[in-house]
Amino acid sequence: MPELPEVEHAASTLRLWLAEAPVLRARAAATRLFRAGDHRLFEQRLTGRRLERVERRGKVLLLSFDGDVGLLSHLGMTGKWVRRPGSDTPAHSHAQLELPGAFVLHYCDPRLFGRLEVHRAVDLLDLPVVRALGPDPILDGIDVAALHGRLEGTARAVKVAIMDQAVLAGIGNIYATEALFRAGIHPARPARSLTRREVGRLAKGIEAALGEVLGRPAEEIAYLSEGGAVQNPFLVYDREGEPCPRCGRALEKRVIGGRASVFCGRCQKG
DNA sequence: TGACCCCTGGCC
DNA sequence: GGCCAGGGGTCA
């Protein structure tokens, strides 16, 4: 579950599940998830290790184990970490961490868009993919002047720009859609056309959209999770044709930067 | 900047 | 049986 709040939730559950307990055995299949390192490295290095720290930067999870073993985990579109009794193997489990108490942590990812990389723990924050990330809206906060500066420099649609992980780390299609609605800014507006005042509203919109979900219990965060019974908790995302929560006009949908964008044509001026 | 790719699953 | 999907990467 890919955007910032879902990855933050993954980080906190991993902290709970891996707290104190050594990994009895690590196993992994040879899949595309492993790029830099291979699956054997995962098995060799993680077996016997204890978790020391889980960090999140944007949508990237960074796990540090004792013995200077580091694991980078990106969930892609459909990746997730789940904990199951040893006898129960979930579908599309490609890597496993066996824990004491007959539990196994599985990394499941049907589409294999995620990635797993084994590194030295001390190197995690210096990895190019991590260094390339822009500020994390929750960890670093949003500096309105700096964001305005970044947006001024590009003619891209503002929605595309804020989904660029080098501009802000952790924003994907859902929270970009929600934030722009909250800010009353049309998603197709050229980024450089935003005034300082609008960037300020956008920053507040991003913080509000993220904050609302971050404050919720886990089951509600799992939009489209197992079971799928959870209702759409968003104001406009995936609500094309429904009335705008502010003015009542039907919400519109357009593809911007290759991704579906829902917005109110009246509240979000183009 | 857009088009296309990587994949599978769920929905119409 | 198509179409769509929250991620990112590459190519022209």
Side-chain angles (χ1 to χ4, degrees), chain A residues 1-10 29-36 56-61 72-82 90-95 106-117 127-134 136-137 151 153-181 187-193 206 209-210 212-214 216 218 220-241 253-262:
Chain A
M1 292 145 246
E3 300 187 41
L4 190 155
E6 295 81 10
V7 180
E8 179 61 37
H9 172 247
T31 64
R32 292 193 296 115
L33 294 170
F34 295 92
R35 314 217 173 146
R56 179 194 58 73
R57 299 294 314 176
K59 302 172 192 170
V60 178
L61 288 167
L72 178 150
S73 166
H74 192 299
L75 305 176
M77 288 246 265
T78 52
K80 60 183 168 185
W81 286 95
V82 301
H92 308 292
S93 168
H94 303 294
H106 297 263
Y107 178 73
C108 301
D109 193 345
R111 289 169 80 176
L112 291 171
F113 284 0
R115 62 161 88 178
L116 288 170
E117 295 176 12
L127 294 172
V129 285
V130 178
R131 298 197 72 135
L133 296 173
D136 181 296
L151 297 179
T154 178
R156 290 184 295 177
V158 59
K159 175 157 176 277
V160 175
I162 61 174
M163 288 171 62
D164 181 340
Q165 299 302 292
V167 174
L168 284 175
I171 307 299
N173 199 32
I174 291 181
Y175 294 95
T177 297
E178 293 290 293
L180 288 161
F181 173 75
R189 282 267 302 276
R192 62 161 65 127
S193 76
I206 291 168
L210 294 173
E212 175 165 329
V213 174
L214 280 168
R216 284 194 194 152
E220 296 175 33
I221 293 181
Y223 176 55
L224 297 188
S225 69
E226 290 172 82
V230 183
Q231 280 207 323
N232 178 352
F234 303 109
L235 295 174
V236 296
Y237 175 77
D238 201 22
R239 294 193 186 280
E240 178 196 8
K253 177 162 142 183
R254 233 175 90 184
V255 175
I256 297 165
R259 300 199 181 266
S261 306
V262 180

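Protein chains get the first letters and strands the later ones, always in sequence-line order, with residue 1 at the start of each.
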J.: Mind checking whether A:Pro233 and A:Val213 have side chains closer than 4.5 Å, heavy atoms only?
T.: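 A side-chain contact under 4.5 Å is absent here.
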J.: Does any N or O donor sit under 3.5 Å from an N or O acceptor when you compare the side chain of A:Arg115 with the base of C:dG7?
T.: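 There is none.
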J.: Go through A:Val60 and A:Val129 one step at a time and tell me if the side-chain contact (heavy atoms from CB on, under 4.5 Å) criterion holds.
T.: CA-CA 9 Å; A:Val60 178; A:Val129 285; 5.7 Å; no
J.: Roughly how many Å is it from CD in A:Glu117 to P in C:dG7, rounded to a whole number?
T.: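 To the nearest whole Å, that distance equals 19 Å.
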J.: What stems, by residue range, does DNA chain B take part in, given at least 3 consecutive Watson-Crick or G-U pairs under 3.5 Å?
T.: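 The stems that DNA chain B takes part in, listed by first number, are B:1-6 with C:7-12, B:8-12 with C:1-5.
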J.: Between A:Thr154 and A:Val167, is a side-chain contact (heavy atoms from CB on, under 4.5 Å) present by the stated rule, with each step listed?
T.: CA-CA 11 Å; A:Thr154 178; A:Val167 174; over 6 Å; no
J.: Looking at CG of A:Leu168 and CG of A:Leu151, how far apart are the two atoms once the value is rounded to the nearest 0.5 Å?
T.: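 Answer rounded to 0.5 Å: 8.0 Å.
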J.: What distance, rounded to whole Å, do you find between the two P atoms, one in B:dC12 and one in C:dG6?
T.: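 Here B:dC12 and C:dG6 have their P atoms 16 Å from each other.
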J.: Please report, rounded to the nearest Å, how far the C1' atom of C:dA5 is from the CG atom of A:Leu75.
T.: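 Value for this atom pair: 16 Å.
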J.: Tell me the interatomic distance from A:Lys159, atom NZ, to B:dT1, atom C1', rounded to whole angstroms.
T.: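 The distance from NZ of A:Lys159 to C1' of B:dT1 comes to 15 Å, rounded to the nearest Å.
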J.: In whole angstroms, how far is the P atom of C:dG6 from the CG atom of A:Asn232?
T.: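 Interatomic distance, CG of A:Asn232 to P of C:dG6: 12 Å.
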J.: Rounding to an integer number of Å, can you tell me how far A:Ile256 CD1 sits from B:dT1 C1'?
T.: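 After rounding, the gap between these two atoms is 14 Å.
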J.: Please test A:Leu61 against A:Val7 for side-chain contact (heavy atoms from CB on, under 4.5 Å), starting from the C-alpha separation and ending with a verdict.
T.: CA-CA 7 Å; A:Leu61 288 167; A:Val7 180; 3.7 Å; yes
J.: Could you write out each protein N or O paired with an N or O of nucleotides 10-12 of chain C at a distance under 3.5 Å?
T.:
none

J.: Evaluate the side-chain proximity of A:Pro2 to A:Leu75: yes if any heavy-atom separation is below 4.5 Å, no if none is.
T.: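 Contact flag for A:Leu75/A:Pro2 side chains = no.
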J.: Which residues pass the side-chain contact (heavy atoms from CB on, under 4.5 Å) test with A:His94, not counting sequence neighbours?
T.: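 By the side-chain contact (heavy atoms from CB on, under 4.5 Å) rule, A:His94 matches A:Thr31, A:Leu33, A:His92, A:Asp109, A:Leu112.
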J.: Starting at CG of A:Leu33 and ending at P of C:dG8, how long is that distance when rounded to a whole Å?
T.: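 Spelled out: CG on A:Leu33 to P on C:dG8 is 15 Å.
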J.: Tell me whether the side-chain N/O atoms of A:Lys59 come closer than 4.0 Å to OP1 or OP2 in C:dG8.
T.: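 Yes.
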J.: Identify, with sequence neighbours excluded, every residue that meets side-chain hydrogen bond (donor to acceptor under 3.5 Å, both in side chains) alongside A:Thr177.
T.: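 side-chain hydrogen bond (donor to acceptor under 3.5 Å, both in side chains) check on A:Thr177 returns nothing, list empty.
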J.: Please report, rounded to the nearest Å, how far the P atom of C:dG9 is from the CE atom of A:Met163.
T.: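 From A:Met163 CE to C:dG9 P: 13 Å.
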J.: Check the interface with nucleotides 3-5 of chain B: list each N/O to N/O pair with the protein under 3.5 Å, or write none.
T.:
none

J.: May I ask you to evaluate whether A:Tyr237 reaches the phosphate of C:dG6, defined as a side-chain N or O under 4.0 Å from OP1 or OP2?
T.: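 Answer yes for this pair, as a side-chain N or O of A:Tyr237 is under 4.0 Å from OP1 or OP2.
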J.: Could I get the full list of ring pair (Phe, Tyr, Trp, His ring centres under 6.0 Å) partners for A:Phe181, not counting sequence neighbours?
T.: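 Expected list: none.
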J.: For A:Ile171 and C:dG7, what is the distance between atoms CD1 and C1' respectively, to the nearest whole Å?
T.: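 Value for this atom pair: 14 Å.
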J.: Using a cut-off of 4.0 Å between protein heavy atoms and nucleotide atoms, how would you tag nucleotides 6-12 of chain B 5' to 3' with B, S and -?
T.: BBBS---
J.: Tell me which nucleotide among B:dT1, C:dG6, C:dA5 gets nearest to the side chain of A:Glu6.
T.: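 Closest of the options to the side chain of A:Glu6: C:dG6.
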J.: Show the nearest heavy-atom pair for residues A:Val160 and A:Gly257, with the distance to one decimal.
T.: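 Nearest pair, atom of A:Val160 first, then A:Gly257: CG2-CA, 3.7 Å.
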J.: Identify whether any heavy atom of A:Gly258 sits under 4.0 Å from a base atom; if not, whether one sits that close to sugar-phosphate; answer base, sugar-phosphate or nothing.
T.: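 Counting heavy atoms under 4.0 Å across all strands, no contact is made by A:Gly258.
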J.: For A:Glu8, give me all partners under side-chain hydrogen bond (donor to acceptor under 3.5 Å, both in side chains), at least two apart in sequence or on another chain.
T.: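 Scan of A:Glu8 (side-chain hydrogen bond (donor to acceptor under 3.5 Å, both in side chains), adjacent residues dropped) gives A:Arg56.
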J.: Among all residues two or more places apart in sequence or in another chain, which pass the side-chain contact (heavy atoms from CB on, under 4.5 Å) test with A:Arg239?
T.: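 If we apply the side-chain contact (heavy atoms from CB on, under 4.5 Å) test to A:Arg239, skipping adjacent residues, the hits are A:Asn232, A:Glu242, A:Leu251.
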J.: Would you call A:Leu214 and A:Leu4 a side-chain contact if the rule is heavy atoms closer than 4.5 Å?
T.: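 They are in side-chain contact.
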J.: Just to verify, what does A:Glu240 make a side-chain contact (heavy atoms from CB on, under 4.5 Å) with, not counting sequence neighbours?
T.: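 With sequence neighbours excluded, A:Glu240 shows a side-chain contact (heavy atoms from CB on, under 4.5 Å) to A:Lys253, given in chain and number order.
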J.: Below 4.0 angstrom from OP1 or OP2 of C:dG7, is there any side-chain N or O of A:His74?
T.: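 Checking C:dG7 against A:His74, no side-chain N or O comes under 4.0 Å of OP1 or OP2.
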J.: Tell me every residue that passes side-chain contact (heavy atoms from CB on, under 4.5 Å) with A:Arg259, counting only those two or more places apart in sequence or in another chain.
T.: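 Residues passing side-chain contact (heavy atoms from CB on, under 4.5 Å) with A:Arg259: A:Lys159, A:Met163, A:Asn173.
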